[in-house]
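Sequence lines set the chain letters: A, B, ... in the order given, protein chains first and strands last, and positions in each chain run from 1.
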There are 2 protein chains.
Amino acid sequence: MTTGGDDRLERMLQLLRARGGRVTNARRAVLGALLDHREHASAEALAEMVHDSHPDVHLSTVYRTLDAFEQLGVVTHVHLGHGRAVYHLTDEIHHHAVCERCGAVLQLPLTLFAPLHRRLVDEFGFEVDAHHFAIAGRCAPCRSELRAQLSADPPAAGHGNVTIENVP
Amino acid sequence: MTTGGDDRLERMLQLLRARGGRVTNARRAVLGALLDHREHASAEALAEMVHDSHPDVHLSTVYRTLDAFEQLGVVTHVHLGHGRAVYHLTDEIHHHAVCERCGAVLQLPLTLFAPLHRRLVDEFGFEVDAHHFAIAGRCAPCRSELRAQLSADPPAAGHGNVTIENVP
DNA sequence: GTAATTGCAAAGCTTTTGCAATTTA
DNA sequence: TAAATTGCAAAAGCTTTGCAATTAC
């Protein structure tokens with residue numbers, strides 16, 4: 001076990017300071033929550049986590065903190081569905097696929113998208129920049145369930161090297 | 001010049017009636033606006049168009065109408081950015097790429113995504129269902145401009161067979 | 001000391017909903 | 001006539017903002 005998380009936190013705070021920003025308990029706490037909780041979290045979820053140790057940090061402060069670090073390029077937010085956005089640290093770049101049935105989120109490796117990105121640049125001059133919006137569809141378990149409801153053999157599908165999260 | 005639009009409108013209204021729905025002036029007007037305006041339009045934009053001939057159709061009715069036809073599979077909505085969603089007729093299936101700099105929307109042919117979709121099903125069991133969220137990035141003109149600001153030779157890139165729209 | 005940050009409350013923006021009145025089939 | 005639809009007003013859900021008080025540097 002290392003103190004990698006703490007190091008990162010300090011590095012991010014350094015960057016903030018270097019840009020004229022000020023390090024406060026609220027910001028430290030929000031960033032800490034983001035580091036601890038390695039999945040995608042909404043601003044409200046982060047606020048709740050922060051409240052465990054800092055009950056007085058206001059939701060609007062969480063938003064402003066996330067915004068500040070987003071401008072520093074350290075944090076990114078994604079729209080996984082129609083509701084609230086979720087935030088994560090920028091270094092973990094990936095695309096998102098959301099199951100429209102159960103809400104599960106698959107994190108897909110960027111390499112999967114490389115050929116498409118290349119074609120978009122080559123043929124359309126469009127340079128994909130973000131993983132800002134999710135791809136919608138049906139995850140394997142849900143497809144199995146749905147198929148089972150129709151036929152008699154419910155096949156089980158694996159998930160490969162993706163991370164799955166449930167965002168309620 | 002044909003009356004294809006009117007035909008389509010009537011067919012859609014037929015479908016609605018067949019499912020127990022009722023055809024009203026408001027619905028006719030909303031669908032008409034969607035047919036006339038062949039680009040993506042927000043609910044509010046559609047309401048404004050409708051108001052030209054039917055000033056009393058309420059925005060909430062527009063939302064409810066769009067929702068009704070979306071359930072019939074005739075209409076689809078897309079999130080192009082952080083703000084309001086835009087609606088279009090379902091038959092024109094395509095993906096969207098939005099330029100984060102100028103807001104231009106590229107409509108990309110689905111075939112471009114076929115290989116990716118196939119891999120997602122094969123390797124991850126994930127079945128892409130929608131074009132529900134846009135891909136963010138930089139369009140060719142903006143890339144040129146940005147490059148021109150840095151270097152001395154601003155190359156011009158073509159747009160191929162995509163449709164470009166400006167969504168303000 | 002000065003500028004940045006915070007908590008709070010209030011507003012903003014898009015979308016949804018309850019309800020009585022109206023309209024469709 | 002019965003059920004669906006509408007206009008209106010109000011609420012809901014997420015996010016942003018104005019402002020005076022506080023805090024970091």
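Checked options B/Arg19, B/Arg17, B/Arg11; the residue passing with B/Leu15 is B/Arg19 (criterion: side chain to side chain contact (heavy atoms under 4.5 Å, CB included)). Checked options B/Thr61, B/Leu34, B/Val74; the residue passing with B/Leu66 is B/Leu34 (criterion: side chain to side chain contact (heavy atoms under 4.5 Å, CB included)).
The nearest heavy atom of DNA chain C to B/Tyr87 and to A/Val57 marks one nucleotide each, and the one closer to the 5' end goes with A/Val57.
The shortest distance between side-chain heavy atoms of A/Val30 and A/Arg27 does not fall below 4.5 Å. In this structure, B/Val86 and B/His79 have side chains that are not in contact, with every pair of non-hydrogen atoms separated by 4.5 Å or more. Between B/Val128 and B/Phe113 the shortest side-chain heavy-atom distance does not fall below 4.5 Å.
The CZ-C1' distance, from B/Arg28 to D/dA4, rounds to 16 Å in whole Å. Put simply, CG on B/Leu13 is 12 Å from P on D/dT5, counting in whole angstrom units. Remark: P of D/dA21 and NE2 of A/His58 are 17 Å apart, rounded to the nearest angstrom. Nucleotide D/dA4 holds its P atom 15 Å from the CZ atom of B/Arg19, rounded to whole Å.
A salt bridge does not link B/Arg64 with B/Glu70: every distance from a Lys NZ or Arg NE/NH1/NH2 to an Asp or Glu carboxylate oxygen is 4.0 Å or more.
For A/Gln71, there are no side chain to side chain donor-acceptor pair (under 3.5 Å) partners two or more places apart in sequence or in a different chain. Take A/Tyr87 and apply the ring-ring contact (aromatic ring centres under 6.0 Å, His included) test, not counting sequence neighbours, and it matches A/His77.
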(request) Give the C-alpha distance, both sets of side-chain angles, the deciding distance and a yes or no for side-chain contact (heavy atoms from CB on, under 4.5 Å) between B/Met49 and B/Asp36. (result) CA-CA 10 Å; B/Met49 293 180 235; B/Asp36 283 355; over 6 Å; no
(message) Quick one, A/Val23 with A/Gln14, criterion side-chain contact (heavy atoms from CB on, under 4.5 Å). Give me CA distance, side-chain angles, the key distance, then yes/no.
(response) CA-CA 9 Å; A/Val23 173; A/Gln14 269 317 320; over 6 Å; no
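At a non-hydrogen distance threshold of 4.0 Å, B/Ser60, B/Thr61, B/Arg64 from residues 59-69 of chain B come into contact with DNA chain D. Of all the residues in residues 20-27 of chain A, A/Gly21, A/Arg22, A/Thr24, A/Ala26, A/Arg27 reach under 4.0 Å from DNA chain C with at least one non-hydrogen atom.
An angle of 30°, rounded to 10°, separates the two end axes of the helix from C/dG1-D/dC25 to C/dA25-D/dT1, each defined over five pairs.
One N or O on the side chain of B/Thr90 and one on the backbone of B/Val75 form a donor-acceptor pair closer than 3.5 Å. For the pair B/His51 (side chain) and B/Asp56 (backbone), a donor-acceptor distance under 3.5 Å is absent.
A nucleotide of DNA chain C counts as in contact with chain B when one of its atoms lies under 4.0 Å from a heavy atom; the first and last such, 5' to 3', are C/dT14 to C/dA25.
Annotation: the span from B/Leu120 atom CG to A/Leu108 atom CG amounts to 6.0 Å, rounded to 0.5 Å.
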